[in-house]
Asker: 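Mind looking over this structure? Questions follow.
Note that the structure is predicted; figures quoted are calculated from it, not measured. Naming convention: chains lettered A, B, ... in sequence-line order (proteins, then strands); numbering from 1 in each chain.
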Amino acid sequence: MISQLNPEQRTAVTSSGQYALVLAGAGSGKTKVLTTRMAWLIQTGQVSPYGLLAVTFTNKAAKEMLARLTGMLPIDARGMWIGTFHGLCNRLLRAHYRDAGLPQGFQILDSTDQLAAIKRLIKTANINDEKFPAKDVQRFINAAKEKGERPETMEVWDAHRQRLVDIYQLYQEQCQREGVVDFAELLLRAYELLSRNALVREHYQRRFKHILVDEFQDTNDLQYKWLCLLAGSGASLFAVGDDDQSIYAFRGANVGNMAASERDYAKGNIIRLEQNYRSYGNILNAANALIEHNSERLGKNLWTDRGEGEPLRIIEQATDQLESQWLVEEIKALINEGGSRSDIAVLYRSNAQSRTIEHALFSARIPYKVYGGLRFFERQEIKHVLAYLRLVSNLGDDTSFMRVVNFPTRGIGARTLENLTDASREIGCSLAYGVGAVPGKGGTNLAQFVQLVKDMGSVAETVSLPELVQHVIEVSGLKQHYEQEREGAERLENLNELVNAATVFSLEENYEGMPAGKAVEPPVQADPDIMFQEAMSPLAAFLSHASLEAGDNQAKSGEDAIQLMTIHAAKGLEFKAVFITGVEEGLFPHENSLAADGGLEEERRLMYVAITRAKERLYISLAQSRMLHGQTRYSIRSRFLDEIPEACIKWLTPKVAAYSQASSSWSSGKSYPRDPYGRPETGSIAPRAPRTTSSGVQVGGQQFRIGQGVRHGKFGDGTIINLSGQGNDAQAQIIFQNAGAKTLALGIARLEIIA
DNA sequence: TTACTAAGACTTTTT
DNA sequence: GTCTTAGTAA
């Protein structure tokens, strides 16, 4: 297995030091190195499968790793510690729930659940929700946890921050009372468990001889500390990552961990994988040149022996709609050449851009798939069923209680719930236990609801997991509710799918190293840590599975379709042909990113990621005007395009020379902040100075010029600020005094020239 | 209690 | 343009 590697890959795989940092460029065989190293370590007898821990960020990556490993070696991967940070921490906490101070069946809150819990807290604790919006509080708490901070130890410098810390404290108390943990808490609890409990820590430090980390540039401070603690002084730490592909700083990832690890382990063992097996030369040259503009890189240059290939094709269109139309034509051409649709990806910076593109593809009847969006376990009907199931598992789960107490409606209104909240708080119990204290009709309805959940609980003791799920769907009234709803058919289908998911889950023999489904005997063999474990109930295991693996993020597979996704979602993927759309100042780099520290560099890395997705052909497009937030905005091409060498590029529309005079803006009468490049930092309404030096366009006997006044039957009077195209295809951008900015086809719109 | 309307937001996102 | 949320009327 080693013989198929290039020299650098081989060095990495067989590295014998205590520490190695593999700087793996895009398309350089990162996963191959990681999995081959695992296989090599096991095969050469340096470690048993149980002495190995491999951690990734996504379930997808973990599955891929496991699949490749078992493909190379005939080993039983069950019980091996290969998983996501959250999955492994969950496993750790399940095994040692008592030492971690958690109830045995603790449940996991996803981000949505967490936000709901915080909103509820803000209400019950009478916190000013204008000063402390739930979203801000959530961000504060998660950021604190990701730095490993608890309320007691946090620095406070003003009253506002003090209050935030107090809310963090209250939130922790609420979670503890309800027996739930959020995502960040999984990591922090696991870290605290290891750092405080020497017995547990030493056990795992002894056990894991080799720790392997994927996408190391995406680790946050806490994850890094967790790794260091687990590695102790004896284990080998093998980290693979690419600082140039760090695009998640906004959610706490700290690229600095790469440099820090090198410093902390003082081994200086960096291995660079720079040979790229994915893209042609022009694509790589463009990517290399672009990323050169970033400072503080560890340094790396991709190369290939595949030749230059096609140049990058860049096009500038007048509007986002024309951009999409061009996209459709180009895609048609590619397909005519014999390309398959799924080899073509259309990437964009923000989700809002997909609408126009989808519309154009739809009109042209080109099948497409949009990635991103709601995942299976995040759908509201699924979350409703899960909330009932969580209540069955733990009546004290107030978040779930509030979610379904009146869904489907059963005459329990806001007033009744307010009474219940007050009563429960006074008694000091959870909502379900406080229903007796609510008088009147509301109280009766509440009592009936709690009885309903209790009845589900007794059924749970006698039937299998899928049977229970089916039962809950029926007696909760959810089934009936969606049967009556006009658009309920798909939701009903999803409910059936949930029963299937439960069936599949209960057939699995183990979950996170623990017995799952029908708790099988004997328990998972050969995992030495089984001695710490008590079997989790199948229901609790299923619920935790649902929180941790929200399901596929992709549209239904099957049909051969164009792939539409954000650049973030494209990381790790590759396509024969890639279109990067909307490459304009203000959008990409996004204007909001410029204010953030290191924001521009992260945007540039994002562009780097986008470029390196392409194997054969790369198209970049931009539009001079685009509908965004219901307004037309004008912008100039992204500075990133000026950072790519002309030698790699073929401009499909002429490259406009300089932008120094151009401005891009939303509304007149303001002055615009400038970035260090002397460019406007934000987009806006005042039309920018026309760029096309066109002397005018002749259509239907009329001569249109930039700056000319025109009158439209519907929009009124306005001024032409830009012209494009020729003859009947000519388009004009016009700012109407009352109707705002419009792009009109001169051959169609009836315009009257005025003074 | 529900259903409708108005107002405001709105970069990227896995677990 | 589209979604979520808060407020109000039926």
Asker: Which residue pairs pass the salt bridge (Lys or Arg N to Asp or Glu O under 4.0 Å) test with at least one member in residues 106-127 of chain A, sequence neighbours excluded?
Answerer: A:Asp110-A:Lys383, A:Asp113-A:Lys383, A:Asp113-A:Arg390, A:Arg120-A:Glu178

Asker: Give the B/S/- string for nucleotides 1-10 of chain C, one per nucleotide from 5' to 3', where a protein heavy atom under 4.0 Å of the base yields B, of only the sugar-phosphate yields S, and otherwise -.
Answerer: BS--S-----

Asker: Please tell me which of the listed nucleotides, B:dT12, B:dT2, B:dT13, lies nearest to the side chain of A:Tyr248?
Answerer: B:dT13

Asker: Does A:Ser111 get its side chain close enough to the base of B:dT15, under 3.5 Å, for a donor-acceptor pair?
Answerer: yes

Asker: Are side-chain N/O atoms of A:Asn90 and A:Arg94 paired as donor and acceptor at under 3.5 Å?
Answerer: yes

Asker: Show the distances under 3.5 angstrom between N or O atoms of the protein and N or O atoms of nucleotides 5-7 of chain B.
Answerer:
none

Asker: Would you kindly say whether A:Gln138 and A:Gln114 are connected by a side-chain donor-acceptor distance under 3.5 Å?
Answerer: yes

Asker: Considering every strand and a 4.0 Å limit on heavy-atom distances, what is the contact class for A:Asp218: base, sugar-phosphate, or nothing?
Answerer: nothing

Asker: Need to verify one output field. Residue with the more 5' nearest nucleotide on DNA chain B, A:Gly411 or A:Asn592?
Answerer: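 Its nearest nucleotide being more 5', the pick is A:Gly411.
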
Asker: Is a salt bridge present between A:Arg415 and A:Glu418, judged by a nitrogen-to-oxygen distance below 4.0 Å?
Answerer: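 Looking at A:Glu418 together with A:Arg415, the answer is no, because their closest N to O distance does not fall below 4.0 Å.
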
Asker: Assess whether a salt bridge exists between A:Asp218 and A:Lys571, defined as any Lys/Arg side-chain N lying under 4.0 Å from an Asp/Glu carboxylate O.
Answerer: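 Salt bridge: yes.
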
Asker: For A:Phe588 and A:Phe640, take the angle between the two ring planes, folded into 0 to 90°, and tell me which bin it lands in: parallel under 30, tilted 30 to 60, perpendicular over 60.
Answerer: perpendicular

Asker: Could you tell me how far apart A:Arg139 (CZ) and B:dT12 (P) are, to the nearest whole angstrom?
Answerer: 14 Å

